[in-house]
Enquirer: 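Submitted below is the structure of interest, expressed as structure tokens.
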Number of protein chains: 2
Amino acid sequence: MVKPFDKMEVEITTEEKILIAARKVFIEKGWDGARMQEIADNAGINKALLHYYFRNKEQLFKRVFAGIVSKLIPNLNTIIQSEQPIFEKIQAFIDAYLDFLLANQELPLFVANELSRNANLIVGAFEENGLKPMIGKMVMEIFQAIENKQIRPINPAHLLMNIVSMCVFPFMGRSIFQKVLMQVPEEMYQELLKQRKKEIYEMVYHSIVL
Amino acid sequence: MVKPFDKMEVEITTEEKILIAARKVFIEKGWDGARMQEIADNAGINKALLHYYFRNKEQLFKRVFAGIVSKLIPNLNTIIQSEQPIFEKIQAFIDAYLDFLLANQELPLFVANELSRNANLIVGAFEENGLKPMIGKMVMEIFQAIENKQIRPINPAHLLMNIVSMCVFPFMGRSIFQKVLMQVPEEMYQELLKQRKKEIYEMVYHSIVL
DNA sequence: ATCATATTTAACCAAATGGTTAAACCTTTT
DNA sequence: AAAAGGTTTAACCATTTGGTTAAATATGAT
């Protein structure tokens, strides 16, 4: 049966409502801090219905977690796979990474946290999506760029570590940065974050260019 | 009364045993995941005794947290306050930071985590110790180094962010790095971490030297 | 209308958890 | 030896939490 036009696109299934609520609560509170009741409240339903859709907390969590992981990696892999000169590729990588981070600021801390408490979470997430980050290709290209005298000799693993660190840490360690080290108000910190794309690329560029 | 010699230095008070156990469990499991029973077990006592020494979980946690924070900051402040040329100072900063991190690898994730879930934890820890990181002086000195044409023009806030990011992230985001991005075994990752002192300094040096 | 199926709810349950109590046990002082 | 103080324990309690059950309600098909 066809639904009336004004009800068609707007509708969100209960399952979606639950996943949205669960995502929010899990990210905010972590596995240990998240409460099924709070998820139900956030989804506007009651606990029994929650268990009707997802048998238990673990199943719901895994579903949320897999959903999160599957969002970032394909994005980065396309860039890594692409054919462009090393400096352009690095810049594209930083750009894409920061776009994602700016739109999902609380994600890195959540992922690091859950991953460190449950190592095989990532295995499950990978298996479910069939995606893995292709870091090997990047390492190769850095080696080539060194041979071609495009950049100074540098250990590619550390260069990549440095780039990723500069991208992610201001988000993941936000509480430390903002409250402990810099002690700036929220809006100012957001302003800093927006400048990172440019600042990181310049840092990397100057540190490797010959 | 004086204790017999052979019992003097070795003895650990019950309070110390509790604090050591609590530190371990809190760091490992976080506030939400930590169980008073597990702390008691780890300290080799029972729950009632735990509550005799520390009235409740919160009090015990605050004590542990303050103890952790008070270990890093004085260390860094001495370096920041010291009078040495900019490059030496940066190197000393990286050295000291990495020494601390190598000896306390799980700390950054724990601190970031708890801080992001409870903002005023840090206020309490600061008040209790009267210590705050002196980042202002560092910013000034970077500005001066730019004026003196020692280093290229760069936003000091971002330079510091970059340095701290490269130092801390391989520890804080270890689960992401090791398991997701690099997929290397434990010993190899430890090897990488030990190389960071040199690698980070070289990265920073080349990125700002004129 | 009515039957079947999917959706939603209130009430309930067992286990875990932070915290309490009152009594027992040392160790030192008198 | 007995009083006093701090130290340690087993047993207990109230609340929270993940999860279940059985009944009620809506929705679409016959």
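Just so we're on the same page: letters track the sequence lines, and every chain starts at 1.
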Enquirer: Which nucleotide sits closest to the side chain of A/Met36: C/dT21, D/dG19, D/dT17?
Expert: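 For A/Met36, the side-chain atoms sit closest to D/dG19.
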Enquirer: Measure from CG on B/Leu50 to C1' on C/dT17 and round the result to the nearest Å.
Expert: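 One finds 13 Å between C1' of C/dT17 and CG of B/Leu50, rounded.
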Enquirer: Does C/dG18 have its OP1 or OP2 closer than 4.0 Å to a side-chain nitrogen or oxygen of B/Arg35?
Expert: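 True: B/Arg35 side-chain N/O within range (under 4.0 Å) of C/dG18 OP1/OP2.
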Enquirer: If you check every side-chain atom of B/Leu49, which of D/dT8, C/dT8, C/dG19 has the closest atom?
Expert: D/dT8
Enquirer: Output the rounded distance in Å from CD1 (A/Ile39) to C1' (D/dG19).
Expert: 14 Å
Enquirer: From NZ of B/Lys57 over to P of C/dT20, roughly how many Å is that when rounded to an integer?
Expert: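 In whole Å, C/dT20 P and B/Lys57 NZ are 15 Å from each other.
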Enquirer: Find the distance B/Asn46:CG to C/dA24:P and express it as a whole number of Å.
Expert: 16 Å
Enquirer: Any sub-3.5 Å donor-acceptor pair from A/Lys197's side-chain atoms to A/Ile94's backbone N or O?
Expert: no
Enquirer: For A/Phe54, report the nucleic acid contact type (base, sugar-phosphate, nothing); a contact means any heavy atom under 4.0 Å.
Expert: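 No contact at all - A/Phe54 keeps every heavy atom at 4.0 Å or more from the nucleic acid.
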Enquirer: The side chain of B/Ala48 lies closest to which of these nucleotides: C/dA10, D/dA10, C/dA6?
Expert: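 Shortest atom-to-atom distance from the side chain points to D/dA10.
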Enquirer: Could you check whether A/Asn56 gets within reach of a base, just the sugar-phosphate, or nothing at all, counting any heavy atom under 4.0 Å?
Expert: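 Sugar-phosphate contact only.
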Enquirer: Can you tell me if A/Asn77 uses its side chain to pair, donor with acceptor, with the backbone of A/Met134 under 3.5 Å?
Expert: yes
Enquirer: How many Å lie between CD1 on A/Ile45 and P on C/dA10, as a whole number?
Expert: 12 Å
Enquirer: Could you state the CD-C1' distance from B/Glu58 to C/dT17, rounded to the nearest angstrom?
Expert: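 These atoms are roughly 16 Å apart.
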Enquirer: Which is true for B/Ala34 with a 4.0 Å heavy-atom rule: it touches a base, it touches only sugar-phosphate, or it touches nothing?
Expert: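 Result for B/Ala34 = sugar-phosphate.
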Enquirer: Starting at CD of A/Glu38 and ending at P of D/dG18, how long is that distance when rounded to a whole Å?
Expert: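 To the nearest whole Å, that distance equals 10 Å.
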Enquirer: Find the distance A/His51:NE2 to C/dT8:P and express it as a whole number of Å.
Expert: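 It is 16 Å, rounded to the nearest whole Å.
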Enquirer: Strictly below 4.0 Å: does A/Thr14 bring a side-chain N or O up to OP1 or OP2 of C/dT8?
Expert: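 Yes, because at least one side-chain N or O of A/Thr14 sits under 4.0 Å from OP1 or OP2 of C/dT8.
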Enquirer: Would you please test B/Phe26 and B/Leu60 for side chain to side chain contact (heavy atoms under 4.5 Å, CB included) and show each step?
Expert: CA-CA 10 Å; B/Phe26 275 130; B/Leu60 178 56; 4.1 Å; yes
Enquirer: Has B/Ser165 got a side-chain atom pairing as donor or acceptor with A/Phe169's backbone, closer than 3.5 angstrom?
Expert: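 No, the answer is negative, given that no donor and acceptor are paired below the 3.5 Å cut-off.
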Enquirer: What I want to find out is whether B/Arg174 reaches B/Glu186 closely enough, with some N-O distance under 4.0 Å, to be called a salt bridge.
Expert: yes
Enquirer: Would you kindly compare A/Lys47 and B/Gly44 by the position of their nearest DNA chain D nucleotide and give the one closer to the 5′ end?
Expert: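 Nearest-nucleotide comparison on DNA chain D picks B/Gly44.
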Enquirer: Looking at C/dT8, I'd like to know if its phosphate oxygens (OP1 or OP2) sit under 4.0 Å from a side-chain N or O belonging to A/Tyr53.
Expert: yes
